[in-house]
There are 2 protein chains.
Amino acid sequence: MTKKLLLKDVAKLAGVSEMTASRALRGAPDVSAKTKAKIEEIARTHGYVPNRIAGSLSSQSVNLVAVVVPSLNSFVFPEVLSGISAVLKDSPLKPVVGISGYDLAEEESVIREMLSWRPSGLIAAGLEHTGATRRMLQQADCPVVEVMDVDGDPVRHCVGISHLQAGREMAEQILARGYRNIGFIGTKMPQDFRARKRFDGFTDGLAAQSVTLSDLEHYSGESSIQTGRQLTAQMLARNPGLDCIYYSSDVMSVGGLMHCLAAGLSVPGDIALAGFNNLQILQGLPLQLATTDACRHEIGERAARIILKSRETGGAEGLVFDRLTPAISLGETL
Amino acid sequence: MTKKLLLKDVAKLAGVSEMTASRALRGAPDVSAKTKAKIEEIARTHGYVPNRIAGSLSSQSVNLVAVVVPSLNSFVFPEVLSGISAVLKDSPLKPVVGISGYDLAEEESVIREMLSWRPSGLIAAGLEHTGATRRMLQQADCPVVEVMDVDGDPVRHCVGISHLQAGREMAEQILARGYRNIGFIGTKMPQDFRARKRFDGFTDGLAAQSVTLSDLEHYSGESSIQTGRQLTAQMLARNPGLDCIYYSSDVMSVGGLMHCLAAGLSVPGDIALAGFNNLQILQGLPLQLATTDACRHEIGERAARIILKSRETGGAEGLVFDRLTPAISLGETL
DNA sequence: TCCGGTATCGATAACGGTTGCGATACCGAT
DNA sequence: ATCGGTATCGCAACCGTTATCGATACCGGA
């Protein structure tokens, strides 16, 4: 670990000024091919790593896009991220992830932290924020996109699906197939607003045809196959008349399916199952589970494109409000 | 979007100097409680977000820890991350994730990018890097921890398990249970070095008792239940005599289990299955799959602690080489 | 009243690059 | 030989904050 190398040192070694070295290393014009080659050579062999803190302060530009999501364990946000990365791939921008842990206070502090680095854009999941967060997002002098959800008041741009609609449509599909003794298993994390909206949409959809939920189960903590299996077992034990269960997440419905396999129940003969998200883990199971696609990848792509376009136009473009259509896939379990 | 607010403005509004405002907002000493309250009040109501780029340049310190992992979809790295986050939780440090996509060239550019922000520490997955990457890691003037793997030459600190050993021990367990017609299904991603080491360790373990693999299948792309199921079906179709399959990942072995369920094969009666990682998705399945725990959470925790300790001691502490013991869990499928 | 000590605050100089613009060198054309 | 134009380079100021050190005010004790 030698003495730390500055641009100044590289320049000295190359026998040029700092400015020329800076230009050469950034690929800026006004440097002859020969000097540029020499400077690059020196920088490479000596392992010079430019200090982007100084560079960004000076140039007043940071090629980072802040992405704030509730969690990375839930299988759902990594796919949003991959959509973002795919679009940013051939641009100078790089995504940086922050995790809010389904906690609005934590989200506020994470967003504050990210904005303090003056990113070129910010993408955040959800439309619900603390007042302070909303204020920060409004004042931020970079494009801001709220993603995943469209049921609410976005601060600026917005790309997502309606979870109310997703819940309602699943209710309609379930009713259309004749199920009437319906249970719901969902998270009780008070701040998973989208799960809550699906629940509300679902019960609305049932109510529209005068059906009410026969059973209801809430769990805390992250969704898991294990939890889905246990809660399904419990619900069916106390309520054997149930003919259908809707889960707030595919991970949970997979657990439900596992219970049915283990208990020798026929799906959908004895009990129908439906989840949400269209996660990749649904592929390859013994039965194709019913679900609603949450358009995760596309949401990420579109959000990233908004950031890119906003850079081109200098932030002078109009507000984007992209409401994608969540496609139901009935599978074999309804 | 009002004019951008600087520390200078906050200070002016509060009727104090920039320095006092700076101290107040950072919680530094030498500010009376009254002035501090006033400054904080003003900063809050006006939505001041400090510019950490300037702050970090001036203070020569960045409270970020760079974490470079191959992927976030694979279910395995988010858990390492959560270990890191847990430890960093009550420290000023925050993790920042970079994704290398199982590509050493991309890893080099991601690490260069992260180091250019002069983080307080760097955690990278794996021991294999390009020459340039190794040089950067050596020269970095922050603690560097390579995680996940211990089979190789770490640049500085290292925390992980031996994948060679994991493969070998699984071979021993499988042989001890009398299986002799053994197949292997694993990734052919040329740069998933750890999967390759498990494979090598596995065949070594078999060879030690003069057993050779009966069948072998490689796939490209990310692991998935779907792929695991398909490849298992193929392998069993062409090689019905197989009595055991070892997979390079739990995700794949779950797919294998799904095939067996669908095909009416008894596990382990007709065919035994074993995977690797001890992922959460194994919980709740009809059968408890055999696997090896990769100690992901603990690896993350330990890596983060090394960074923290190194900050305290000013980097003067000795090298850490933590070789954790991967625990085999036999489950019900061997 | 004077003094030393502490609490509180401010002026100034970095931090390591980049922007802006002026300076120099070099070229062919006149 | 002179000139205008272009390619190449360097000087100085600045980006927004913090470290350092010195200044001031205030307090109790002698």
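Naming convention: chains lettered A, B, ... in sequence-line order (proteins, then strands); numbering from 1 in each chain.
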In this structure, OG1 of Thr20(B) is separated from NZ of Lys38(B) (nearest 0.5 Å) by 11.0 Å
In short, the helix from dT1(C)-dA30(D) to dT30(C)-dA1(D) is bent end to end, axes from five pairs each side, to 10°, by 50°
Between NZ of Lys38(A) and P of dT8(D) the distance, given in whole Å, is 15 Å
The correct set of residues in residues 12-19 of chain B placing a heavy atom under 4.0 Å from DNA chain D is Glu18(B), Met19(B)
The reported gap from CE in Met136(B) to OG in Ser116(B) (rounded to nearest 0.5 angstrom) is 10.0 Å
Rounded to whole Å, CG of Asp9(A) lies from P of dG16(C) at a distance of 10 Å
* Under 4.0 angstrom between Thr20(A) side-chain N/O and dG10(D) OP1 or OP2 -> yes
So Pro92(A) and Arg311(A), do their side chains get closer than 4.5 Å, heavy atoms only? yes
Here the distance between atom C1' of dG16(D) and atom CZ of Arg118(A), to the nearest Å, is 9 Å
Q) Does the pair Arg44(B)/Glu41(B) count as a salt bridge with the N-to-O cut at 4.0 Å? A) yes
Sorted by chain and residue number, the side-chain hydrogen bond (donor to acceptor under 3.5 Å, both in side chains) partners of Asp322(A) (sequence neighbours excluded) come out as Arg302(A)
Atom CG of Leu7(B) and atom P of dC15(D) are separated, to the nearest Å, by 14 Å
Here the gap from Phe77(B) atom CZ to Ser100(B) atom OG, rounded to the nearest 0.5 Å, amounts to 8.0 Å
Discussion item. Within the 4.0 Å heavy-atom criterion, would you say Arg23(B) contacts the bases, only the backbone, or no part of the nucleic acid?
Written reply: base
Would you say a side-chain N or O of Tyr48(A) is under 4.0 Å from OP1 or OP2 of dG17(C)?
yes
Here the distance between atom C1' of dG17(C) and atom NZ of Lys4(A), to the nearest Å, is 14 Å
In short, Ala125(B) meets Arg194(B) closest at the heavy-atom pair C-NH1, 4.2 Å
Chi angles and distances behind the side-chain hydrogen bond (donor to acceptor under 3.5 Å, both in side chains) call for Glu108(B), Thr130(B): CA-CA 7 Å; Glu108(B) 177 179 327; Thr130(B) 66; 2.8 Å; yes
Rounded to whole Å, the CH2-P distance (Trp117(A) to dG16(D)) equals 16 Å
Rounded to whole Å, the CZ-P distance (Arg52(A) to dG17(C)) equals 11 Å
Expected list for residues 24-35 of chain B near DNA chain D, using heavy atoms below 4.0 Å, is Arg26(B)
Checklist entry - Any Lys/Arg nitrogen of Arg52(B) or Glu113(A) sitting under 4.0 Å from an Asp/Glu carboxylate oxygen of the other? => result yes
From NZ of Lys8(A) across to C1' of dG17(C) the rounded distance in Å is 11 Å
Q.
Taking Val159(B)'s backbone N and O only, do any of them form a donor-acceptor pair with Glu146(B)'s side chain (distance below 3.5 Å, no angle check)?
A. no
The salt bridge (Lys or Arg N to Asp or Glu O under 4.0 Å) partners of Glu128(B) (sequence neighbours excluded) come to Lys197(B)
* Are the side chain of Ser310(B) and the backbone N or O of Ile306(B) linked by a donor-acceptor pair below 3.5 Å? -> no
Expected list for residues 54-66 of chain B near DNA chain C, using heavy atoms below 4.0 Å, is Leu57(B), Ser58(B), Gln60(B)
Would the distance check show the side chain of His157(B) and the main-chain N or O of Val144(B) forming a donor-acceptor pair, the cut-off being under 3.5 Å? no
CG of Leu25(A) to CZ of Arg23(A), rounded to nearest 0.5 Å, is 12.0 Å
